[in-house]
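Starting off with a structure, shown below.
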Amino acid sequence: MARIGQADAGRPVGKGARMVHGPAEDRGVGDRRMAGGAAADAVAAVSEGRLWDRLMAMARIGGFTTEEGHEGVNRPCLTPLDREARRLLIGWAQAAGASVSVDPAANLFLRWEGTDPSLAPVLTGSHMDTQPQGGRFDGIYGVLAGLEAIEALAASGVRPRRPVEVVAWTNEEGGRFAPGCTGSMSFAGFKPMSAFDDIVDAEGVRYADALAAQLAEEADLPRRPLGYVPHAYVEAHIEQGPRLEAEGQDIGVVTGIQGSRWFTVTVEGRTDHAGTTPLSLRKDAVQDALRAIAALNALMHDPTDVLRFTVGSIAVEPGTSNSVARRVVFTIDFRHPDEAVLRPRGDAIAGVVQAALKACTARVHERFTAWPADFGPTVPEAVARAAASQGLKAIRLPSGAFHDAQFLVPVCPTGMIFIPCRGGVSHHPSEYAEPRACANGARVLTEAVLELAGGP
Ligand code: GLV
Ligand code: MN
Ligand code: MN
């Protein structure tokens with residue numbers, strides 16, 4: 001079995017990963033001794049047309065058109081569609097001269113060799129899975145922008161000191177297997193891979209089985225061990241919010257990611273005849289779930305409108321018109337940039353639910369926790385320099401969406417590049433980013449990656 005990507009070998013990520021990198025300057029991250037001409041050559045080799053054509057080719061895999069004429073994508077992770085998209089990516093990467101490998105979490109890596117293969121790579125990428133009613137840019141843009149950076153380095157003959165690796169993380173969205181980011185969490189040692197084995201999708205398929213099926217389908221690809229310590233990680237993504245477009249900015253230099261806590265609440269009652277059972281005798285799970293949600297809305301009230309609280313899924317059993325509900329399971333997605341808010345209000349959820357119930361019982365389970373992440377200076381500064389050197393308008397902003405980058409923060413210097421998207425709309429089939437905006441982001445990514453990789 002081929003072993004790839006073990007630069008700076010012997011530093012697997014796992015427990016204590018937080019301790020592995022000291023101040024970025026000590027490790028020479030962000031080394032700026034780079035010939036300006038080489039960066040300019042590489043940036044000039046980014047092709048807006050190629051990147052756009054690839055985005056549209058990927059959008060056909062799982063693509064659908066809504067009644068309103070929006071072209072969305074439904075490409076759940078670890079499915080035949082996901083594999084088809086990965087094969088397309090692999091073909092392009094190999095033609096560009098990158099070597100391909102896959103890790104035990106099915107994270108897919110495309111490696112462009114540097115002049116010193118013993119050095120830790122600069123890692124870039126994002127995810128290829130989508131929400132069920134997803135768009136053409138969320139995730140896949142960052143993977144294809146990373147590949148475009150490799151294409152540009154190859155075409156311009158610019159070879160950095162460090163290898164550059166593009167990663168397509170497994171299951172970022174959590175649309176099929178919740179929670180998301182299981183690939184990056186496994187890679188970063190945030191949780192052992194086995195922690196996700198028993199997650200099931202809507203059809204009852206276990207994550208571990210879907211993962212095994214994917215790895216079996218990709219048995220021809222060289223396998224690499226799980227996790228390593230990259231020199232730096234930088235992820236390009238559509239903003240998924242309205243600021244860049246509204247303020248006429250080309251690039252968002254992302255400063256960090258707000259924290260997220262996901263819960264499932266199971267309300268247990270008793271099913272009864274809807275026509276005959278007096279209300280006073282019922283244990284109606286729907287009615288108690290409504291009481292709980294109303295109480296949670298009060299708990300989450302935020303006059304500043306910074307807090308995000310979403311009940312996005314409600315499942316009712318048995319789910320017929322003429323039966324009182326026996327069980328309701330609803331989800332909570334709670335986010336805030338400040339841990340001092342996220343922690344106490346999240347911790348209060350279980351008590352608020354219990355206090356709101358009239359006739360039923362309830363269980364509250366926290367299934368995903370990502371505390372707010374601060375990217376620090378190193379990668380954001382490299383991104384800001386790249387945008388400035390290209391004459392692009394840039395602002396610093398935090399991310400409201402979560403991203404795989406969040407889990408890389410304890411492992412290595414990390415950052416993200418945002419590009420504007422129309423109306424800030426995302427997780428919707430009408431999600432759209434202009435070809436020029438996509439190319440701007442890829443050019444900034446190319447220059448930032450080249451700088452972080454130590455230049456030619
Ligand atoms: C990621 O897709 C998120 O929900 O923030
Ligand atoms: Mn995404
Ligand atoms: Mn998403």
Side-chain angles (χ1 to χ4, degrees), residues 55 58-59 62 72-77 82 85 107-108 124-146 166-185 233-244 252 254 256-264 306-313 331-337 342 367-373 397-409 414-433 437-438 441 445:
L55 281 162
M58 282 291 182
V73 182
N74 178 9
R75 193 169 54 232
C77 72
D82 187 17
N107 298 312
L108 179 66
T124 182
S126 194
H127 59 98
M128 300 176 74
D129 61 327
T130 71
Q131 290 286 322
Q133 290 284 303
R136 293 175 289 173
F137 301 87
D138 177 2
I140 190 65
Y141 168 67
V143 176
L144 293 178
V166 177
V167 60
W169 300 111
T170 301
N171 184 36
E172 190 273 352
E173 290 290 1
R176 179 181 178 200
F177 294 105
C181 296
T182 48
S184 52
M185 283 197 278
Y233 176 71
V234 54
E235 177 170 349
H237 207 282
I238 59 167
E239 181 196 350
Q240 304 181 282
R243 268 193 72 186
L244 295 178
V254 185
I257 302 181
Q258 73 173 340
S260 310
R261 298 178 74 174
W262 282 15
F263 301 81
T264 51
V306 171
L307 184 153
R308 302 286 181 261
F309 171 72
T310 307
V311 175
S313 162
T331 60
I332 295 172
D333 178 318
F334 167 41
R335 308 191 195 196
H336 201 279
L342 193 67
R367 58 177 175 165
F368 178 64
T369 315
W371 298 111
L397 79 177
S399 173
F402 62 72
H403 298 282
D404 295 301
Q406 204 150 350
F407 297 99
L408 273 288
V409 169
T414 294
M416 292 188 73
I417 300 167
F418 277 173
I419 59 165
C421 58
R422 189 169 58 201
V425 173
S426 182
H427 286 191
H428 189 278
S430 67
E431 180 182 277
Y432 184 76
C438 295
L445 179 69

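Order of listing sets the numbers, starting from 1, for every ligand and every atom in it. As the structure is a computational prediction, the values presented were derived from the model and not from experiment.
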- Task: Heavy atoms only: give me the nearest Q258-P337 pair and the separation to one decimal.
- Result: OE1-CD, 3.3 Å
- Rounded to the nearest 0.5 Å, how far apart are CD of E172 and CE of M185? 10.0 Å
- Closest approach of S426 to Q240 (non-hydrogen atoms, all atoms of both residues): OG-NE2, 2.8 Å
- Task: Check whether any side-chain N or O of R308 sits under 3.5 Å from a backbone N or O of V306 as a donor-acceptor pair, and report yes or no.
- Result: yes
- Message: Could you work out, with side chain to side chain donor-acceptor pair (under 3.5 Å) as the rule, every residue matching Y233, not counting sequence neighbours?
- Response: W169, E235
- Item | Set of residues satisfying side chain to side chain donor-acceptor pair (under 3.5 Å) with respect to T414, sequence neighbours excluded | none
Distances for all N or O pairs of ligand 1 and the protein under 3.5 Å?
| residue | atom | partner | partner atom | Å |
| --- | --- | --- | --- | --- |
| ligand 1 | 2 (O) | E173 | OE1 | 3.0 |
| ligand 1 | 2 (O) | H427 | NE2 | 3.1 |
| ligand 1 | 4 (O) | R335 | NH2 | 2.9 |
| ligand 1 | 5 (O) | R335 | NH1 | 2.7 |
| ligand 1 | 5 (O) | R335 | NH2 | 3.4 |
| ligand 1 | 5 (O) | F402 | N | 2.8 |

- Task: Carefully, step by step, assess F137 and C421 under the rule side-chain contact (heavy atoms from CB on, under 4.5 Å).
- Result: CA-CA 9 Å; F137 301 87; C421 58; over 6 Å; no
- Query: Sub-3.5 Å donor-acceptor pair from the side chain of N107 to the main-chain atoms of G183, do we have one?
  - Reply: yes
- Query: Does T124 use its side chain to pair, donor to acceptor, with the backbone of G146 at less than 3.5 Å?
  - Reply: no
- 2.8 Å cut-off (strict), protein N, O or S atoms about the Mn ion (ligand 3): 4
- Query: Do any N/O/S atoms of H237 come under 2.8 Å of the Mn ion (ligand 2)?
  - Reply: yes
- Going by atom types only, do H127 and D138 share a side-chain donor-acceptor pair under 3.5 Å? yes
